[in-house]
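Order of the sequence lines fixes the chain letters, A, B, ..., with proteins taken first and strands second; residue numbering starts at 1 for each chain.
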Amino acid sequence: MSYKHLKIEKKWQKNWQDSNLYLSQKDKKKEKYYILDMFPYPSGDGLHVGHPKGYIASDIISRLKMMQGYSVLHPMGFDAFGLPAENYAIKNKVNPKTSTEKNIKVYKKQLEILGFSYDWSREIRTTDPDYYKWTQWIFLQMYKKGLAYQSNEPINWCPDCKTGLANEDLEDGRCERCNSLVEKKSIRQWVLKITDYAERLLKDLDKLNQWEEAILEMQRNWIGRSHGVVINFKIKEDSESVDVFTTRLDTIYGCSYLVLSPEHPLIEKLSAKIDNWSETEEYIKSCQQKSDLERTKNNNEKTGVKLTGLSAINPFSKEEIPIFIADYVLSSYGTGAVMAVPAHDERDFQFAQKYNLAIKYVVRPDEKNYDDSLVYTGEGYLKDSGKYSKLHSKEAREKMLAFLKQKKLGKEKVNYKLNDWVFSRQRYWGEPIPIIHCKSCGVVPVPEKDLPVKLPIVKNYQPTGTGQSPLEKIDSWVNVSCPKCQKPAKRETNTMPQWAGSCWYYLRYMDSKNDKELVSKEKEKYWSPVDFYIGGAEHATRHLIYARFWHKFLYDIGVVSELEPFKKFRSVGLIMGEDGRKMSKRWGNVVNPDDMVKKYGADSLRVYAMFMGPFEQVNTWNSRSLNGAYKFLEKIFNIYTNYNNKKEKLDIKVQKQLHKTIKKIENDIVDLKFNTAVSSLMILTNLLNDYLKKHDCWPINKDERKAFLQILAPFAPHISEELWQGLGQKKSIFRSTWPKYKKELLSDQEVEIGVQVNGKLRARILVNSTDKEKDVWEKINQNETLKKWLEGKEVVKKIYVPQKIFNIVVK
RNA sequence: GCCGCGGUGGCGGAAUUGGUAGACGCGUUGGACUUAAAAUCCAAUGAUAUUUUUUAUCGUGGGAGUUCGAUUCUCCCCCGCGGCACCA
């Protein structure tokens, strides 16, 4: 008999589906385990061989937990709204609904042939009205709590996608989807007040001790908390004043000028008093023309204009200082104005050098020798700072703040880099925002009973580029009567961004068919939180922040019971093409999983993907290595079929290896060390194979032969099930109980240890686990090679690490 | 520039409360089988030197240090990847 992977895999996939093996059931007697993948975005290209890597890992964990007696929830669905799906549809001249459905079909098929244990009865699609009804419902709750508001602030605008974008949608100042340079544009938009949750989003990261540190760091940086002081600077020539934000109040005696961002509202107000107004105006204009990218690109090349005729008063030194406008100060952060301290800030230093401004050193480092001609950004002791001189930075800040508070010229302030979430898109393919605009009542939320606000099926859904959504043109949909006053009113035509649906989908799986609630309290309590979440690291500062934000909001309004949605998160490393580049049609290096499954089988593909290297690391695809995985499985297949009826002659060495492997597999899977888990299965297989060939009988008993298949089963489910049945088992291997290893079989009686002389390995000797240092020393003295190294030498010291090494120091 | 991760044979990688570096796999080489090839099986495979079995020296990005002993710890430097980036 030979290993016919195609036949075996097809047979068991059907069998498992028919026998409802994967239906997750709430079972109060069992402990629950919720293992989740980031659901895919079904693009037109289908899956390439790298995509399933994370799914394979979660499937392995899911199957292990199943066998360990957990009630497992392992669902899957599709995140199908958004720009890529819409752009794909426009390009191929079909309705996005049609193309999305088609793409999902392809994806499902591809996932099925890989043998994943998803409970498809819980499948969700973000584009399904029964689903987005609740996405809209959450939006309404946010609106009611004042967390969704309209704004006309300038936002990022992609000229190609013709829509506004959130900061999270940008990559290096470009649209993350189409790579176009993003512009600033002022249009009416809906914004979610994520900044209200900034503090909690940051603080609760400390609770996520089962997340990777790298991801937590990314989120911390993205939130970007900084604690400082807002100081009020009076303007000498006017009653107006300027607020600046600084974290280094201790350097204020070194402040030699103020800088306002070009967008600062005060400039307009003071225009009459600015002597060089035309020059100022021109500079502001030139800044407006620059994109964000241009503004930040040459960050060593500072530009600015002095506002002549105006000066500010330093509240501490009472000194008169000039005021500048310069685009190195951002309007979107802090107060949009800073106090410049060239001696202790790199940017101010560059600016001051260019415009010949005073550089006053007021903080000196602890060391005696320091160079007074360079910038010093660290802390230290103050000098030339009035009565604060000689104080340390930290102490000075406290005393100075007390002074400011007393004079009502300043207060503590915490700032975040995180901005509110620009939540509307001027596009068709998204959840309609459930709002009605009425001339007399203003903004009126759609009553909950009228949800979902269905996205109309239309012929023309091309983006308009006018800042209006294409929905604007569909009169029959737009024109409604106001829910409050019944007079004619219009629907909000902007749609939600791609990320909306994925903010809460993990909750819906718990109770996917519920038409009364988003999720029932009871089911939410049982399944929450997600125990293990696996997905791409690129979502660290997008989906993973958004979802945490929504979850916390849902917690606040009593919908969920946990503060954090995902208990453990691990990111999956990409699989690169054989040429080392990202798999892409552009490079022609895409490997299709369907072809690989046909040739080598799903089991081989699964084993290989896990064996490639550390799960979180980037790996390069290699089809020849995949064949190695195939050979490994074939070897197992041959062992179990060719030697099925052979007698047993137990061998303790092989048995020990088996029990060690059971333990290793258990531990490695939970730690995501799949590569070493597979390796240990290979070692065991080789050992078994060699023994059977040599002795023509089994070194392990039947239970142990079963156990071997059980520990292989999460990795290669089909072949394991087939061979399991071959051992006469009637029930599925995944309904069997995970084998227990025997502790007494984990340690070896005899071990080889290294013997070193002066730290250099000179020989290896066998010792018994019961041997004392004295016994080992005796063996060393009998060893011929070692005699050579020890003869005529004086032994100064002996170091014995039991079972490991013996080091002899000689003179 | 800042933050995070990493650098080990021809290749993917294994081994870190400091204790025999290179597990496992790929590839390569030699052999068996075959008319031949593929597949399969057996053996070898870090480098250098040496007369073969031998044995010695070197070897985990580079340099220093701690230690009986360093891939692992400390300091300095170089390179790669990812994230952030004029955030005051």
Side-chain angles (χ1 to χ4, degrees), chain A residues 171-173 212-222 224-226 228 244-248 251 259 261 292 295-302 326-330 332-341 344-348 350-351 377 415-419 537-538 540-541 571 573-574 607-608 611-614 616-629 631-632 634 638 673 675-686 693 751-765 785 788 796-810:
Chain A
E171 251 168 32
D172 281 335
E212 283 159 74
E213 195 49 42
I215 304 283
L216 297 177
E217 259 328 283
M218 276 192 232
Q219 291 210 355
R220 283 190 192 109
N221 290 339
W222 190 261
R225 182 186 200 272
S226 82
V244 304
F245 174 74
T246 180
T247 56
R248 292 299 303 274
T251 63
V259 191
S261 70
D292 272 11
R295 262 172 88 156
T296 57
K297 203 166 45 186
N298 299 317
N299 59 23
N300 288 327
E301 200 45 56
K302 305 269 180 292
D327 68 355
Y328 80 89
V329 172
L330 306 173
S332 57
Y333 184 78
T335 60
V338 301
M339 63 174 213
V341 186
H344 304 292
D345 182 283
E346 303 270 1
R347 296 148 299 182
D348 298 340
Q350 283 161 12
F351 192 80
T377 55
N415 269 325
Y416 302 93
K417 285 193 226 173
L418 183 75
N419 288 127
E538 71 274 17
T541 53
S571 63
L574 283 180
V607 166
Y608 171 58
F611 184 60
M612 285 176 90
E616 272 136 79
Q617 199 179 292
V618 174
N619 286 113
T620 307
W621 180 261
N622 184 335
S623 293
R624 275 192 300 205
S625 291
L626 171 57
N627 189 45
K631 285 198 293 191
F632 158 64
E634 192 183 36
N638 290 336
K673 286 154 89 177
N675 54 334
T676 51
V678 172
S679 150
S680 70
L681 285 168
M682 286 173 170
I683 292 170
L684 181 60
T685 304
N686 292 340
K693 268 194 183 161
V751 264
E752 196 186 52
I753 66 159
V755 182
Q756 297 180 335
V757 179
N758 286 345
K760 288 210 174 209
L761 184 76
R762 294 303 178 191
R764 286 166 191 182
I765 60 168
T785 6
K788 214 165 58 187
V796 183
K797 201 173 170 187
K798 288 182 277 188
I799 299 123
Y800 178 48
V801 184
Q803 323 267 330
K804 299 263 186 197
I805 207 154
F806 199 114
N807 191 12
I808 307 147
V809 186
V810 296

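- Contact annotation: A/K788 side-chain N/O to B/rU55 OP1/OP2 distance is not under 4.0 Å.
- The separation of B/rG13 from B/rC78, taken at their C1' atoms, amounts to 24 Å, rounded to a whole angstrom.
- Partners of A/F351 by ring pair (Phe, Tyr, Trp, His ring centres under 6.0 Å), not counting sequence neighbours, listed by chain and number: A/Y257, A/F324, A/Y328, A/Y355.
- Distance noted for atom C1' between B/rU16 and B/rU74: 16 Å (whole Å).
- Among the protein residues, A/V329 comes within range of the nucleic acid bases, having at least one heavy atom under 4.0 Å from a base atom.
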## Note on the structure
In 5'-to-3' order, the base (B), backbone-only (S) or no-contact (-) status of each nucleotide in nucleotides 4-18 of chain B, using a 4.0 angstrom heavy-atom cut-off, is S-------BSSS---

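- Remark: RNA chain B takes part in the stems B:1-7 with B:78-84, B:10-12 with B:24-26, B:27-32 with B:40-45, B:46-49 with B:55-58, B:61-65 with B:73-77, each of 3 or more antiparallel Watson-Crick or G-U pairs, criterion distances under 3.5 Å.
- Distance check on atom P: B/rG19 versus B/rU51 gives 38 Å, rounded to whole Å.
- Atom CG of A/N627 and atom C1' of B/rG27 are 12 Å apart (whole Å).
- Scored by the salt bridge (Lys or Arg N to Asp or Glu O under 4.0 Å) test, A/R762 finds no partners at all (sequence neighbours excluded).
- Comparing B/rG62 with B/rU29, their C1' atoms sit 34 Å apart, to the nearest whole Å.
- Under the side-chain hydrogen bond (donor to acceptor under 3.5 Å, both in side chains) criterion, A/N686 pairs with A/K635, sequence neighbours left out.
- Within the model, atoms CD1 of A/I799 and CD of A/Q756 stand 8.5 Å from one another, a figure rounded to the nearest 0.5 Å.
- To the nearest 0.5 Å, atoms CG (A/N221) and CG (A/L216) are separated by 11.0 Å.
- Every salt bridge (Lys or Arg N to Asp or Glu O under 4.0 Å) that A/E171 has, sequence neighbours left out, goes to A/R542.
- In this structure A/D345 satisfies the salt bridge (Lys or Arg N to Asp or Glu O under 4.0 Å) test together with A/R347, sequence neighbours excluded.
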Protein N or O to nucleotides 49-52 of chain B N or O, pairs below 3.5 Å:
none

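- Among residues two or more places apart in sequence or in another chain, the side-chain hydrogen bond (donor to acceptor under 3.5 Å, both in side chains) test is passed with A/T335 by none.
- Nucleotide B/rC3 holds its C1' atom 18 Å from the CZ atom of A/R225, rounded to whole Å.
- Take the nearest nucleotide of RNA chain B for A/G754 and for A/G334: the residue whose nucleotide is more 5' is A/G754.
- Residue A/L761 contributes atom CG, which lies 13 Å from atom C1' of B/rA56 at whole-angstrom precision.
- The separation between A/L216 atom CG and B/rC84 atom P is 16 Å, rounded to whole Å.
- Every side-chain hydrogen bond (donor to acceptor under 3.5 Å, both in side chains) that A/E217 has, sequence neighbours left out, goes to A/R220.
- Of the candidate nucleotides B/rC84, B/rG82, B/rA88, B/rG82 has the atom nearest to the side chain of A/M218.
- Within the nucleic acid shown, A/N686 comes within 4.0 Å of sugar-phosphate atoms alone, with no base atom in reach, counting heavy atoms only.
- Separating the P atom of B/rC81 from that of B/rU28 is a span of 29 Å, rounded to the nearest Å.
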### Derivation and outcome, side-chain contact (heavy atoms from CB on, under 4.5 Å), residues A/I753 and A/I765
CA-CA 6 Å; A/I753 66 159; A/I765 60 168; 3.9 Å; yes

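- B/rU17 sits 15 Å from B/rA70 when the C1' atoms are compared, rounded to a whole Å.
- Taking only side-chain nitrogens and oxygens, A/K760 comes nearer than 4.0 Å to OP1 or OP2 of B/rC58.
- Atom CZ in A/R624 sits roughly 18 Å away from atom C1' in B/rC24 (whole-Å rounding).
- Taking the syn range as angles within 90° of 0, the glycosidic angle of B/rG9 is syn.
- Here the side chain of A/E212 pairs a donor or acceptor atom with the backbone of A/S571 at under 3.5 angstrom.
- With distances taken from any side-chain atom of A/Y333 to the nucleotides B/rC84, B/rA23, B/rA88, the minimum falls on B/rA88.
- Look at CD1 on A/I753: it is 13 Å from P on B/rA21, rounded to the nearest Å.
- Between the side chain of A/N807 and the main chain of A/G759, a donor-acceptor pair closer than 3.5 Å is present.
- Here A/R762 reaches the OP1 or OP2 of B/rU57: one of its side-chain N or O atoms lies under 4.0 Å away.
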Show each protein N/O and nucleotides 66-68 of chain B N/O combination with a separation under 3.5 Å, one pair to a line.
| unit_1 | atom_1 | unit_2 | atom_2 | d |
| --- | --- | --- | --- | --- |
| B/rC68 | O2' | A/N807 | ND2 | 3.3 |
| B/rC68 | O2 | A/N807 | ND2 | 2.3 |

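- Between A/Y328 and B/rA88 there is no side-chain N or O to OP1 or OP2 distance below 4.0 Å.
- Across A/V809 and A/N758, no two heavy atoms sit closer than the pair CA-OD1, 3.3 Å.
- Between A/I805 and A/T246, the residue whose closest nucleotide on RNA chain B is further toward the 5' end is A/I805.
- At whole-Å resolution of the value, CD in A/E616 and C1' in B/rG83 are 16 Å apart.
- Residues meeting the ring pair (Phe, Tyr, Trp, His ring centres under 6.0 Å) test with A/Y800, sequence neighbours left out: A/F806.
- Taking the P atom of each, B/rG10 and B/rG46 are spaced 10 Å apart, rounded to whole Å.
- Distance CG (A/L574) to C1' (B/rG82): 10 Å, rounded to an integer number of Å.
- The two residues A/G754 and A/L761 make their nearest non-hydrogen contact at CA-CD1, 3.7 Å.
- Taking the C1' atom of each, B/rC11 and B/rG18 are spaced 29 Å apart, rounded to whole Å.
- For A/T685 (side chain) and A/L681 (main-chain N/O), a donor-acceptor pair under 3.5 Å exists by modelled atom type.
- Proximity of A/K804 to the phosphate of B/rG69: no side-chain N or O atom is located under 4.0 Å from OP1 or OP2.
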